[in-house]
Amino acid sequence: MNESGRAPWRAISVTGIAALMVAHSVAAIANESSCYAIRDGDRKNMCLAQAKRQDSYCYAIRNADDKHMCLALVKQRRSECYSIRSSDLKNQCLAQVR
């Protein structure tokens, strides 16, 4: 115990967790703003879906294979990979989503 009455590891871990949360939030905002600079609609929606972790952006993607890839990545749902027609993209999806 230290002078505050807490175990030293606990004070460090709480501070460390807070720092990680702030860093993650800043990185997410930076990623989102970069997505808005993308001109291609499908690519922009794929970027936003992954940066914000919101599947609603995936449904705005016109290309069916890319939509399924997006849903698989954002929802971490491997079953979406099997709806992809392109064998290369399907295999990539299956490798990335576990």
Side-chain angles (χ1 to χ4, degrees):
M1 295 279 182
N2 61 19
E3 56 274 355
S4 68
R6 291 186 179 166
W9 61 268
R10 180 161 184 208
I12 292 169
S13 67
V14 169
T15 304
I17 291 170
L20 285 173
M21 290 173 62
V22 169
H24 185 327
S25 297
V26 171
I29 292 168
N31 288 340
E32 289 174 31
S33 63
S34 297
C35 294
Y36 288 110
I38 299 172
R39 292 183 182 175
D40 179 82
D42 281 357
R43 288 185 181 188
K44 181 186 291 186
N45 285 319
M46 175 75 85
C47 182
L48 288 167
Q50 291 178 338
K52 293 183 172 190
R53 298 185 188 270
Q54 292 180 3
D55 63 343
S56 59
Y57 290 99
C58 297
Y59 293 107
I61 297 174
R62 293 182 189 142
N63 179 287
D65 282 353
D66 290 343
K67 183 183 298 186
H68 289 295
M69 179 69 160
C70 181
L71 289 167
L73 291 170
V74 173
K75 292 182 167 188
Q76 286 296 297
R77 189 182 309 164
R78 193 171 165 95
S79 62
E80 289 287 344
C81 298
Y82 295 105
S83 298
I84 298 174
R85 292 178 186 230
S86 165
S87 61
D88 285 344
L89 191 59
K90 182 186 294 184
N91 288 328
Q92 178 184 343
C93 183
L94 290 168
Q96 288 181 305
V97 180
R98 302 224 175 241

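Residues: numbered from 1 along the sequence shown.
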Can any side-chain N or O of Arg78 pair as donor or acceptor with the backbone N or O of Val97 at less than 3.5 Å? yes
Donor-acceptor contacts, no H, no angles, side chain residues 54-64, under 3.5 Å, sequence neighbours left out:
residue, atom, partner, partner atom, Å
Asp55, OD2, Lys75, NZ, 3.3
Tyr57, OH, Lys52, NZ, 3.0
Tyr59, OH, Lys75, NZ, 3.4
Asn63, OD1, Asp65, N, 3.0
Asn63, OD1, Asp66, N, 2.9

So, taking the atom named CD in Glu32 and the one named SG in Cys35, what distance separates them when rounded to the nearest 0.5 Å? 7.0 Å
Name every donor-acceptor pair, under 3.5 Å, that has one atom in a side chain of residues 80-88 and the other anywhere in the protein, sequence neighbours excluded.
residue, atom, partner, partner atom, Å
Glu80, OE1, His68, ND1, 2.9
Ser86, OG, Leu89, N, 3.4

Could you tell me which residues satisfy side-chain contact (heavy atoms from CB on, under 4.5 Å) with Gln96, sequence neighbours excluded, listed by chain and number? Met69, Leu73, Gln92
